[in-house]
Amino acid sequence: MRQMAILGGGAAGLCCACETAFLAAQKNRPLQISVFEALPRVGKKLLATGNGRCNLTNLHASPADYNENARAFVVPALTRFGPQSTLDFFARLGLFTHADAAGRVYPLSNQAAGVLDALRLEAARLGVKLRTDTSIETIQTKSGAFILNKTERFDLLVLACGGKAAVKTYNAESLLRQLGVPMTKTAPSLVKLTTPSPLPKQLAGIRAAANLRLLLNGRPAAQETGELQFADGVLSGICAMNLSPVLNRFLSGGGTEAAVEIDFVPSMTAEQLKETLGGLCRTGQRETCEHLLSGLLPKQVGLALLKAAGLSPSASTASLTGSQLSALCCACKSLSLPVNGTRGYADAQVMLGGASLDAFRPETLEAKSLPGLFCIGELLDVDGLCGGFNLQWAFASARLCASAVAEGAL
Ligand SMILES: Cc1cc2nc3c(=O)[nH]c(=O)nc-3n(C[C@H](O)[C@H](O)[C@H](O)COP(=O)(O)OP(=O)(O)OC[C@H]3O[C@@H](n4cnc5c(N)ncnc54)[C@H](O)[C@@H]3O)c2cc1C
């Protein structure tokens, strides 16, 4: 019987195992699939996704949601196995889902464990061997076959090792080197931004709705709206984390001058805000500056913005000049904080960079130089923003690989 090894029992590896075994059974082609997982259990990261709820895809996912250099590469996978196809796949496995207004899809149970169970049970049903506690350290190629850890021989090999984010098991750089597959530069992504500004410490624990603009060399490079969270030396929340890939690509390319400009009142233009605050001052509805922003913002944020505008909380609103009001509006609409990097891989959700896309065929994900070798999921140089796009890629690439194996290499 032909032997297929999948390195990595994560989202991509398990999905690939289930789909390949399903297609092989449909075609009546004998194939033994073994999934190697370094950890004692498969799917550990999957359990942590979406804060334990697993945002498994996004209904609106398209190539534009991935890193620029990957957008053409992901087209075949997303065309054949787009978000609806992911939902159909999981429904076939008995897992049902719901979506929120932003298109983020979660299991009906709202438990990531349900997604992992669906994959584990299907793998077991189809006779996939799950080899946990087994880290693959060496790969040799011999007469068209792959020899793992110098002992076991396989006809087909799928690399589904994921990235460095939130794991300690990563050794894919060494494996790719052994196979002669180049890697692009890597960096953490979907991770908190770090800043030397003392403001996040003063506002530690506070959450505020905001629009964030990332300025690189003084020019706008990306923007996100959402709930901004503060902690000592860091900006977090999905809107901040979604700026991290752009920031880290800039910094790893040698850039240095980066800042985040925060609009704390995105629902109003600067003119509307000035008019609103001016009205509150004129009518005497807010007598001191301390209370001027309290109807718009969390109190601590309001106090920090007064300070940034050089205003004392006890100052009378009746005596505010036009330029003082403008300075306050400016602080509310475009408070600029320098950012000098991000937290590391331990705090990140994904890895930027990975196995070079040039080495693989986008229609099959098979290596151009080594027939029978495939690469899927986050290990490839493909990354998306928060919102289900990374798991969508893991599942789409896994199923494209499975189809290629079933249609050709089996
Ligand atoms: C906290 C957190 C929350 C997230 N939430 C979401 C979300 O809600 N939605 C979303 O779309 N994405 C989310 N992501 C990202 C998403 O989890 C990953 O993009 C996705 O899991 C990648 O799947 P993968 O199978 O390629 O890699 P992984 O899931 O990382 O799996 C790779 C597996 O391979 C194993 N492995 C590695 N090397 C070897 C080796 N040499 N031998 C044997 N085994 C090996 C690893 O131990 C690991 O289990 C989140 C990530 C984190 C960390």
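Counting starts at 1 for both ligands and their atoms, following the listed order.
Counting heavy atoms closer than 4.0 Å to ligand 1, residue T57 contributes nothing at all. Residue F389 touches ligand 1 through its backbone alone, judged by heavy-atom distances below 4.0 Å. When non-hydrogen atoms are compared, ligand 1 lies under 4.0 Å from neither the backbone nor the side chain of C386. Of all the heavy atoms of T49, the ones lying under 4.0 Å from any atom of ligand 1 are found in both the backbone and the side chain. Here N171 has side-chain heavy atoms under 4.0 Å from ligand 1, and that is the only part of it that gets that close. The part of K45 lying near ligand 1 is the side chain, judged by heavy-atom distances below 4.0 Å. Residue-level proximity to ligand 1 for C161 is carried by backbone and side chain together, each with a heavy atom below 4.0 angstrom.
In this structure, A160 is part of the shell of residues with a heavy atom less than 4.0 angstrom from ligand 1.
Annotation: cation-pi geometry satisfied between R92 and F22 (NZ/CZ under 6.0 angstrom from ring centroid, within 45° of ring axis).
By the 30° and 60° cut-offs, the orientation of the rings of F90 relative to F395 is perpendicular.
Every residue two or more places apart in sequence or in another chain that forms a side-chain contact (heavy atoms from CB on, under 4.5 Å) with A402 is listed here: E19, T20, L23. Not a single ring-ring contact (aromatic ring centres under 6.0 Å, His included) links F360 to another residue, sequence neighbours left out.
For ligand 1, the polar-atom distance check against A166 finds no nitrogen or oxygen pair separated by under 3.5 Å. Close N/O approach between A12 and ligand 1 is found [any backbone or side-chain N/O within under 3.5 Å].
Atom CG in N242 sits 4.0 Å away from atom CD in E224 (nearest 0.5 Å).
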